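Proteins get letters first, then strands, A, B, ... in listed order; numbering begins at 1 in each. Keep in mind that this is a model prediction, so the values were computed, not measured.
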2 protein chains.
Amino acid sequence: MKKGAETRTRILDVAEAAVLQKGFGGTSIEELIAETGITKSGFFYHFRDKNELAKALLNRYIENDERIYDEIFSRARELTDDPLQSFLLGLKLLSELLADLPNGHPGCLVATVCYYERIFDREIQETNRNAVLAWRRRFGQMFAEIMAVYTPREPLEVDQLADMVSTVLEGGIVLSKALKEPNSLAEQILVLRSFVKLLFQPQAGATYRQ
Amino acid sequence: MKKGAETRTRILDVAEAAVLQKGFGGTSIEELIAETGITKSGFFYHFRDKNELAKALLNRYIENDERIYDEIFSRARELTDDPLQSFLLGLKLLSELLADLPNGHPGCLVATVCYYERIFDREIQETNRNAVLAWRRRFGQMFAEIMAVYTPREPLEVDQLADMVSTVLEGGIVLSKALKEPNSLAEQILVLRSFVKLLFQPQAGATYRQ
DNA sequence: CTGAAAACTGTACCGGCGGTACAGGAGGGA
DNA sequence: TCCCTCCTGTACCGCCGGTACAGTTTTCAG
């Protein structure tokens with residue numbers, strides 16, 4: 001019971017790092033078992049095939065991702081009651097967290113999957129889609145709360161604003177990786193933060209908080 | 001001479017579509033030669049190995065990409081002398097062009113490569129990096145011209161603003177693909193457009209163009 | 001028209017990889 | 001003790017990337 005779960009986790013750890021660097025197609029099972037120190041039979045005892053490995057990998061990644069966002073934005077929520085200030089603070093915390101990653105963001109599995117879609121079955125694609133929809137709900141909720149208090153200076157829809165957060169995250173990761181500039185991602189989030197700040201800034205004449 | 005280039009192009013066409021759907025690792029040479037109606041020997045006559053195919057694919061993709069941006073933003077430039085209005089118009093045109101793609105954006109090879117990096121040699125990674133740097137120069141130039149006329153309401157750097165355009169494009173493509181909502185990409189570009197408009201909007205009290 | 005180069009085809013082969021099949025063993029809990 | 005979980009070992013299959021190389025057709029310049 002205990003032992004099996006531990007081995008499974010070790011396989012997933014090795015697989016996640018490999019897949020984010022080389023994609024699913026570029027990651028061989030043989031290389032995974034070599035690094036984990038397990039036999040081929042042992043691997044196939046835990047995962048029926050590569051598709052099941054991908055499924056487990058993606059689910060674990062998404063859960064962890066959600067946990068991180070929960071932590072960051074609930075921490076931000078504790079520090080201020082104002083929904084806008086709390087959201088801006090959350091983006092700041094997120095940016096700092098990403099800036100502190102020594103080798104930059106390792107990559108997003110959701111992006112990996114959607115650039116490899118045709119290989120996997122419907123279930124994985126559906127899981128991937130739901131992950132993005134969950135982000136939309138999460139950030140959409142925040143923007144809805146903000147709009148209950150502040151009037152946006154441009155007529156933008158809640159869902160599209162929410163998607164913008166995911167967009168900047170995914171796009172920032174791609175840029176960071178392609179440029180080999182780990183900082184780009186954190187910077188792009190701060191640019192988004194400035195945009196959001198601007199969008200809900202009270203019209204001139206009124207005072208507004210920094 | 002002529003015939004060879006034609007076959008080469010046909011291979012690249014088939015390969016590009018396949019790679020954007022399945023990644024490099026998920027695309028087999030055998031499948032490419034089957035669809036192109038060529039033999040294996042014929043394929044290896046044109047490309048020494050998969051790495052060379054990737055190189056050719058990426059270079060062609062980047063060239064085409066640059067051509068499209070040249071067209072769109074020079075067309076926008078012809079319609080107005082104001083650098084801000086011209087940029088906003090360019091984003092609008094780009095958004096419309098992407099919205100008109102019947103099956104949505106097929107995906108960006110630059111993103112594919114950076115999620116598959118460790119497999120390829122330094123040259124490809126360098127090409128990829130230079131492509132993103134070229135985007136930075138292109139959009140940076142535009143923002144520099146805008147800033148010569150307009151004062152941004154938030155202190156943002158030209159390079160980071162320029163990267164934001166690439167970020168939204170790459171991120172929007174990922175979201176569109178993951179959500180299977182072709183429209184998302186075009187919408188995200190319009191959200192960016194609103195942000196840029198807001199950033200350079202004259203302070204309230206003065207009149208500003210719609 | 002000719003001849004040489006370009007653009008292929010055909011065949012045979014290699015090693016790595018994903019995957020299957022199945023037998024067997026170690027270790028621990030009921 | 002017995003069974004269940006968690007593996008190991010061995011043997012094998014077919015696909016794929018890649019090599020090697022000989023031979024054939026197509027093209028086009030002189």
Side-chain angles (χ1 to χ4, degrees), chain A residues 1-58 60 112-113 115-121 123-124, chain B residues 1-58 60 109 112-113 116-121 123-124:
Chain A
M1 244 27 151
K2 191 81 168 289
K3 182 86 179 303
E6 195 194 297
T7 306
R8 210 183 127 95
T9 302
R10 235 170 56 241
I11 297 175
L12 288 174
D13 286 340
V14 172
E16 185 170 316
V19 165
L20 287 174
Q21 284 192 341
K22 298 174 290 191
F24 282 101
T27 302
S28 73
I29 293 178
E30 316 241 347
E31 127 194 27
L32 296 181
I33 66 178
E35 201 166 336
T36 340
I38 207 179
T39 61
K40 209 172 187 179
S41 318
F43 176 88
F44 283 107
Y45 171 77
H46 287 286
F47 305 98
R48 204 183 311 128
D49 51 26
K50 235 183 170 183
N51 195 76
E52 264 220 357
L53 172 68
K55 212 177 285 181
L57 221 48
L58 183 59
R60 198 181 71 144
T112 302
V113 166
Y115 270 108
Y116 204 70
E117 50 180 9
R118 290 265 180 264
I119 304 294
F120 297 127
D121 57 23
E123 191 185 337
I124 289 196
Chain B
M1 237 38 143
K2 190 80 164 292
K3 182 83 177 307
E6 194 194 297
T7 305
R8 210 182 127 97
T9 301
R10 234 169 58 240
I11 297 175
L12 287 174
D13 287 340
V14 172
E16 185 170 316
V19 165
L20 286 174
Q21 284 192 341
K22 295 174 291 190
F24 281 101
T27 303
S28 74
I29 293 178
E30 315 240 346
E31 128 195 25
L32 295 182
I33 67 179
E35 202 167 334
T36 348
I38 208 179
T39 61
K40 208 173 189 180
S41 318
F43 175 88
F44 285 107
Y45 172 79
H46 287 286
F47 305 98
R48 205 181 310 128
D49 51 27
K50 235 184 172 184
N51 195 76
E52 263 220 358
L53 173 68
K55 211 176 287 182
L57 221 47
L58 183 59
R60 198 182 71 145
L109 263 186
T112 302
V113 166
Y116 203 71
E117 52 181 6
R118 290 265 180 264
I119 304 294
F120 297 127
D121 58 21
E123 190 184 338
I124 288 195

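Between Y45(B) and the phosphate of dC8(C), there is no side-chain N or O to OP1/OP2 separation shorter than 4.0 Å. OP1 or OP2 of dC8(C) sits under 4.0 Å from a side-chain N or O of H46(B).
Within the nucleic acid shown, R48(A) comes within 4.0 Å of sugar-phosphate atoms alone, with no base atom in reach, counting heavy atoms only.
Salt-bridge formation is not detected for the pair D49(B)/K55(B): no Lys NZ or Arg NE/NH1/NH2 atom is positioned less than 4.0 Å from an Asp or Glu carboxylate oxygen.
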Checklist line | Candidate pair I33(A) and I11(A), rule side-chain contact (heavy atoms from CB on, under 4.5 Å), full reasoning | finding: CA-CA 8 Å; I33(A) 66 178; I11(A) 297 175; over 6 Å; no
Next item on the list: Applying side-chain contact (heavy atoms from CB on, under 4.5 Å), run through N51(B) and E123(B) and close with a yes or a no.
Entry: CA-CA 10 Å; N51(B) 195 76; E123(B) 190 184 338; over 6 Å; no
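Here dG19(C) presents its C1' atom at 12 Å from CD1 of I33(A), a figure rounded to the nearest Å. F43(A) has its CZ atom 8 Å from the P atom of dG19(C), to the nearest Å.
No option in I29(B), L32(B), T27(B), L58(B) other than L32(B) meets the side-chain contact (heavy atoms from CB on, under 4.5 Å) test with L53(B).
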Mind listing the N/O atom pairs, protein and nucleotides 11-18 of chain C, below 3.5 Å?
| residue | atom | partner | partner atom | Å |
| --- | --- | --- | --- | --- |
| dG18(C) | OP1 | I29(A) | N | 3.0 |
| dG18(C) | OP2 | I29(A) | N | 2.8 |
| dG18(C) | OP2 | E30(A) | N | 3.4 |
| dG18(C) | N7 | K40(A) | NZ | 3.1 |

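Nearest heavy atom pair, residue K50(B) against residue F24(B), reads NZ-O, 2.9 Å.
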Using residues 37-44 of chain B as the side-chain source, report each donor-acceptor pair under 3.5 Å to any protein atom, sequence neighbours left out, with the distance given to one decimal.
| residue | atom | partner | partner atom | Å |
| --- | --- | --- | --- | --- |
| T39(B) | OG1 | G42(B) | N | 3.2 |
| K40(B) | NZ | E30(B) | OE2 | 3.1 |

